[in-house]
Amino acid sequence: MRHRNFFLAALPLAAVGATAQKAPSPMPNVIVLLADDLGYGDLSCYGATRVVTPNVDALARSGVRFTDVHACASTSTPSRYGLLTGEYPFRRQGTNVAAGNAGMIIKPSQYTIADMFRQAGYRTGAVGKWHLGLGSKTGMQDWNGVLDEHLADIGFDYSYIMAATADRVPCVFIENGRVANFDAEAPIEVSYEKNFPGEPTAREHPELLTKQRSSHGHDQAIVNGIGRIGYMKGGGRALWKDENLADSILSHAIAFIKGEKGRADDKPFFLYLCTNDVHVPRYPHERFRGKSPMGLRGDAILQFDWTVGQIMDALRQAGLEENTLIVLTSDNGPVLDDGYDDQALRLAATHRAGGPFRGAKYSAYEAGTAVPFIVSWKAHIGKGKVSEALFSLNDLFRSFSRLLGVELPEHAAPDSRNMLPALLGKSRKSAPYVLTMPNNRSVNLRTKKWKYIEPSDGKPMITWGPRIETGYRPVPQLFDMEKSAYEAEDVAKQHPSLVRQFQKIIDDERLRTDK
Ligand code: NG6
Ligand code: CA
């Protein structure tokens with residue numbers, strides 16, 4: 001692991017400047033629990049009725065449930081980039097949905113939220129889905145050794161991660177930069193260009209898809225009876241089984257919480273815990289399969305809820321329940337058919353995964369980025385609150401830095417705002433605006449009252465399989481969110497000066513890119 005300059009420049013807590021608030025004592029443990037593709041309407045505390053999520057609901061009752069928090073993008077890689085760096089992903093090329101052999105998208109020279117926690121004296125861990133690249137060069141990773149760049153280089157003391165998504169190779173966990181459970185008899189090779197001789201593909205051998213068939217794409221490597229994106233060879237006993245993904249993620253998260261993984265010392269911890277649920281391919285453990293009326297997607301929601309309950313139990317058992325601050329949210333909005341024939345669309349029936357909002361994952365419409373968001377910190381936050389404050393996952397970085405009394409280095413978290421009073425349920429004040437990025441990398445703006453979608457290229461429906469409205473139009477669109485949250489009535493023509501004003505904010509923010 002390399003040393004970076006800002007560590008030398010980092011101020012010890014005692015020397016923190018006047019702007020920072022006094023750090024709470026004792027410092028709380030912090031868990032950011034990030035679900036994948038979990039929609040605003042997928043939890044019973046957000047109105048779901050066909051699936052019930054008692055553990056998440058209990059967490060919401062113990063703290064604050066937010067109704068207007070946004071991921072900064074409607075897909076995973078850019079959304080996570082924003083959360084971890086506090087920088088809007090539209091400023092950075094290479095933040096689109098990443099392949100499993102992408103090089104590290106966050107550079108070791110960047111100051112991350114994990115660096116910030118470290119600076120505050122925390123031990124830091126990342127467990128679960130990563131999806132922000134690994135190694136210094138795309139496609140050049142040696143999956144059979146220690147990766148030359150990994151999460152230790154961007155602030156994490158401990159990591160146990162999936163390189164990308166469950167539907168992308170390599171289908172192995174990587175622990176501290178090395179394939180976990182490595183099988184020397186089955187060296188791993190990965191390519192996103194060509195297959196390896198002798199390896200069957202899902203396209204040519206659909207009969208080998210014993211666990212799930214593809215509905216679109218996902219027709220390259222076959223691992224565990226499921227077609228994937230990308231080609232892979234080897235892996236042997238290191239290959240994951242999809243039905244065990246949630247258990248593996250949970251057990252490593254708990255080991256980290258208990259101090260059995262990473263540095264076991266008296267420090268408080270920061271855990272970035274990313275579930276695979278409810279991303280495709282959805283193949284939960286048999287304890288959950290068939291347990292919801294909504295098929296595998298509903299079962300994956302139950303598995304997610306169970307994970308939350310297990311984390312809470314582990315905290316209770318470790319005596320950490322009171323002074324652990326938990327943020328539960330999702331990286332982007334929901335999708336039903338995202339490329340596997342799991343019948344999610346048909347079985348959803350009346351369930352509205354996007355809640356009251358239009359669109360879905362990938363879209364410019366609200367359901368792309370409006371995410372469930374719950375904060376619980378039993379020692380400090382009142383119970384059972386609901387907050388309509390508007391802010392984005394980007395804002396966690398600076399808000400936490402304020403909570404911990406850390407003065408950020410210059411240029412760190414450039415687009416993250418201090419929303420701590422709202423985050424702790426002490427104020428309902430919204431951020432002046434939130435910028436979000438749909439799949440075509442245009443930029444949308446929300447204020448508490450308005451939603452502005454800038455003109456952009458692209459078809460009105462997603463073109464490659466999912467039946468999703470994109471919200472892309474060649475003309476500006478404006479919606480009054482207080483009148484109707486569904487973005488049905490475009491009032492851009494009635495409010496030309498608002499349109500100009502909002503487009504100018506977006507343009508000015510884009511111009512700041514080169515700072
Ligand atoms: C798409 C995949 C989809 C999902 C998504 C990323 C196909 C046909 N579809 O390209 O299944 O993996 O990328 O999802 O390949 S995300 O939540 O990680 O952003
Ligand atoms: Ca996602």
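These numbers were taken from a predicted model, which means no experiment stands behind them. Start at 1 and go down the list; that is how both ligands and their atoms are numbered.
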Need the ligand 1 atom indices (1-based, order shown) with element for anything under 4.0 Å from a heavy-atom of [X].
X: I229; value: 15 (O)
X: D36; value: 17 (O)
X: Y362; value: 1 (C), 3 (C), 4 (C), 5 (C), 13 (O)
X: V97; value: 6 (C), 13 (O), 19 (O)
X: N332; value: 17 (O)
X: T165; value: 18 (O)
X: T75; value: 19 (O)
X: S76; value: 16 (S), 17 (O), 18 (O), 19 (O)

I need the contact type for Y340 against ligand 1. Using non-hydrogen atoms and a strict under-4.0 Å cut-off, is it side chain, backbone, both or neither?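 It is neither part, as no heavy atom is under 4.0 Å.
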
The answer for which part of T77 has a heavy atom under 4.0 Å from ligand 1 is neither

Any donor-acceptor pair under 3.5 Å linking the side-chain atoms of [Y] with those of [X]?
X: D457; Y: N440; value: no
X: D415; Y: N394; value: no
X: S44; Y: D57; value: yes
X: S401; Y: R398; value: no
X: E87; Y: Y111; value: no

Look at the N, O or S atoms of N332, main chain and side chain alike, and state whether any lies under 3.0 Å from the Ca ion (ligand 2). yes

Of all N, O or S atoms in D37, identify the one at the shortest distance from the Ca ion (ligand 2). OD1

Give me the nearest non-hydrogen protein atom to atom 12 (O) of ligand 1 as residue plus atom name, then the distance to 0.1 Å. D167 OD2, 2.6 Å

Closest non-hydrogen protein atom to atom 9 (N) of ligand 1, residue and atom name please, with distance?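 For atom 9 (N) of ligand 1, the nearest protein heavy atom is H218 CE1, 3.9 Å.
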
Pick, from R80, R168, K129, the option with the minimum heavy-atom distance to atom 2 (C) of ligand 1.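 The residue whose heavy atom sits nearest atom 2 (C) of ligand 1 is R168.
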
Should the pair D338-K361 be classified as a salt bridge under the 4.0 Å nitrogen-to-oxygen rule? yes

Decide whether a cation-pi geometry holds between [X] and [Y]; the criteria are a distance under 6.0 Å from NZ or CZ to the six-membered ring centre and an angle within 45° of the ring axis.
X: R358; Y: Y365; answer: yes
X: R282; Y: Y340; answer: no
X: R65; Y: Y46; answer: yes

Rounding to 10°, state the angle centred on the Ca ion (ligand 2) that links OD1 in D36 with OD1 in D331.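 Output for this angle: 80°, rounded to tens.
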
Please say whether H216 places an N or O atom under 3.5 Å from an N or O atom belonging to ligand 1.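 There is no such contact.
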
Going by distance only, is there an N or O of K361 that falls short of 3.5 Å from an N or O of ligand 1? yes

Taking the six-membered ring for Trp, are Y40 and F357 closer than 6.0 Å centroid to centroid? yes

Less than 6.0 Å separating the ring centroids of F391 and F66? yes

